[in-house]
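Working notes, structure below.
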Amino acid sequence: MKKIRGIFIKNEREIEAMRKANRYVSLILDSLAKVVEPGIPSIELEEHAQSMCREFDVKPAFQGYQGFPYAICCSINDEVVHGFPSERIINAGDIVSIDMGVIYDGFYGDSARTFAAGQISEEAERLIKITRESLYKGIEQARPGNNLFDISSAIEEYATAEGMGVVKRFVGHGIGRALHEKPEVPNFKVPGGTGVPLMSGMVLAIEPMLTLGSAEVNILDDDWTAVTADGSLAAHWEHTVAITSDGPQILSLS
Ligand code: MG
Ligand code: MG
């Protein structure tokens, strides 16, 4: 793999391998979408993801990563990211963010979606919609000729115009043979710079985290779970995206 400014540039074969890794993630998320429902403990989502990893013969990417204990991050309501699946029962009206990663053929896949459990409030529905749309606004900018912070600005401008809080504590990232590669991909404009020029062969995990209230987060005593400081709802959408001469290609699709 070539490296420019510390950023790995993937060739077509490598992007193809990453497409496979990310497709597995997407298939697992598709399946989890059907499992999320009121009345089940969130650990059932973990068990389902683990069993699909065994079936696909892929390795869960997060389990053991810096000590994270599970295959999925399961973050409910005011939990933003990095929540633990547990015996906690999912209630009707909850929103459930699931972040999933796998390793296949030495490459990482990484994607996240927020799901509704039963009937949710209109504002929760809107939060999920705007978060997903802000991700796509960012993805549109992931093309050669643009700079990294074009992605960041597009996400922030859209989310802010819709009245959402944009979490700054966590950012997206390059991805490839490691889960987190350079560059960091902020969901907000960084003052005084444009970010690196985007080039064909870069692969980025773009992942806006939005809230209905404050964008400040606290970390719980488990040292992982990030919650909104004001208790407001949070949503998280993420795709792994390859930058190509034809524009952005989302790899984390089924
Ligand atoms: Mg992720
Ligand atoms: Mg990620």
Side-chain angles (χ1 to χ4, degrees), residues 42 62 65-70 72-86 88 90-91 93-101 110-117 120-138 141 148-174 179-180 183-193 195 204-239:
S42 64
F62 302 162
Y65 183 84
Q66 295 182 356
F68 189 81
Y70 299 101
I72 61 167
C73 299
C74 179
S75 309
I76 301 175
N77 295 337
D78 62 325
E79 296 172 353
V80 184
V81 286
H82 305 160
F84 287 2
S86 71
R88 174 178 176 175
I90 295 171
N91 292 311
D94 284 349
I95 61 172
V96 181
S97 298
I98 301 178
D99 196 347
M100 175 73 200
D110 188 8
S111 182
R113 303 179 200 168
T114 299
F115 301 111
I120 61 171
S121 69
E122 244 171 68
E123 58 172 5
E125 196 88 61
R126 194 164 161 271
L127 170 66
I128 294 175
K129 175 174 175 280
I130 300 300
T131 308
R132 187 181 62 239
E133 287 173 357
S134 75
L135 167 60
Y136 281 88
K137 295 287 177 190
Q141 300 299 319
L148 180 68
F149 295 162
D150 291 328
I151 297 173
S152 311
S153 302
I155 292 169
E156 182 178 42
E157 280 166 22
Y158 184 73
T160 306
E162 295 292 337
M164 302 296 168
V166 179
V167 172
K168 296 188 172 177
R169 175 82 165 260
F170 305 100
V171 295
H173 49 94
L179 179 57
H180 295 128
E184 289 194 343
V185 184
N187 300 305
F188 51 90
K189 197 162 162 47
V190 179
L204 305 175
I206 304 173
E207 50 179 316
M209 290 146 255
L210 304 187
T211 74
L212 282 179
S214 162
E216 295 305 313
V217 302
N218 295 324
I219 308 296
L220 298 185
D221 286 340
D222 61 20
D223 285 336
W224 279 102
T225 311
V227 298
T228 55
D230 63 358
S232 63
L233 294 179
H236 180 207
W237 278 77
E238 175 180 27
H239 272 308

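Put simply, the side chain of Thr131 does not reach to within 4.5 Å of the side chain of Met164, judged on heavy atoms. Residues Arg113 and Arg132 have side chains not in contact (no heavy-atom distance under 4.5 Å, counting atoms from C-beta outward). Residues Ile72 and Asp99 have side chains not in contact (no heavy-atom distance under 4.5 Å, counting atoms from C-beta outward). Contact of the Pro183 side chain with the Leu204 side chain is registered, since non-hydrogen atoms from C-beta on lie closer than 4.5 Å.
With sequence neighbours left out, the salt bridge (charged side-chain N to carboxylate O under 4.0 Å, His left out) criterion links Arg169 to no other residue. Listed by chain and residue number, Lys129, Ile130, Tyr158 satisfy the side-chain contact (heavy atoms from CB on, under 4.5 Å) test with Glu133 (two or more places apart in sequence, or in another chain).
Side-chain atoms of Asp230 never come within 3.5 Å of backbone atoms of Gly213 as a donor-acceptor pair (strictly under, hydrogens ignored). With Ser111 contributing its side chain and Glu238 its backbone, the two residues share a donor-acceptor pair below 3.5 Å. For the pair Asn187 (side chain) and Lys168 (backbone), a donor-acceptor distance under 3.5 Å is absent. Although no hydrogens or angles enter the test, the distance criterion places no donor-acceptor pair under 3.5 Å between the side chain of Glu125 and the main chain of Glu122. Listed for the Glu156 side chain is a donor-acceptor partner under 3.5 Å among the backbone atoms of Lys189. Listed for the Thr225 side chain is no donor-acceptor partner under 3.5 Å among the backbone atoms of Leu220.
Nearest heavy atom pair, residue Phe62 against residue Cys73, reads CD1-SG, 4.0 Å. Listed here is the closest heavy atom pair of Ser152 and Pro186: OG-O, 2.7 Å. What you find for Val166 and Ala159 is that their closest heavy atoms are CG2-CB, 3.8 Å.
Tested against Phe170, the residues His236, His82, His180 include a single ring-ring contact (aromatic ring centres under 6.0 Å, His included) partner, His82.
Side-chain rings of Phe84 and Tyr70 approach one another, their centers coming within less than 6.0 Å.
The structure places CG of Leu210 at 8.5 Å from OG1 of Thr160, a figure rounded to the nearest 0.5 Å. Atoms OG1 and CG, on Thr114 and Leu233 in that order, are 10.0 Å from each other to the nearest 0.5 Å. Separation of atoms CG (Asp110) and CD1 (Ile206) is listed at 11.5 Å; rounding is to 0.5 Å. To the nearest 0.5 Å, atoms CZ (Phe115) and CD1 (Ile95) are separated by 12.0 Å. To the nearest 0.5 Å, the span separating CZ on Phe188 from CD1 on Ile155 amounts to 10.5 Å. Distance check, rounded to the nearest 0.5 Å: CG of Asp94 to CZ of Arg88 gives 6.0 Å.
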### Message
Could you walk me through whether Glu157 and Lys137 satisfy the salt bridge (Lys or Arg N to Asp or Glu O under 4.0 Å) test, starting with their C-alpha distance in whole Å, then the side-chain angles of each, then the deciding distance to 0.1 Å, before giving a yes or no?
### Response
CA-CA 9 Å; Glu157 280 166 22; Lys137 295 287 177 190; over 6 Å; no
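For Glu184, the CD atom is loosely surrounded, since the number of other residues' heavy atoms within 6.0 Å does not exceed 12.
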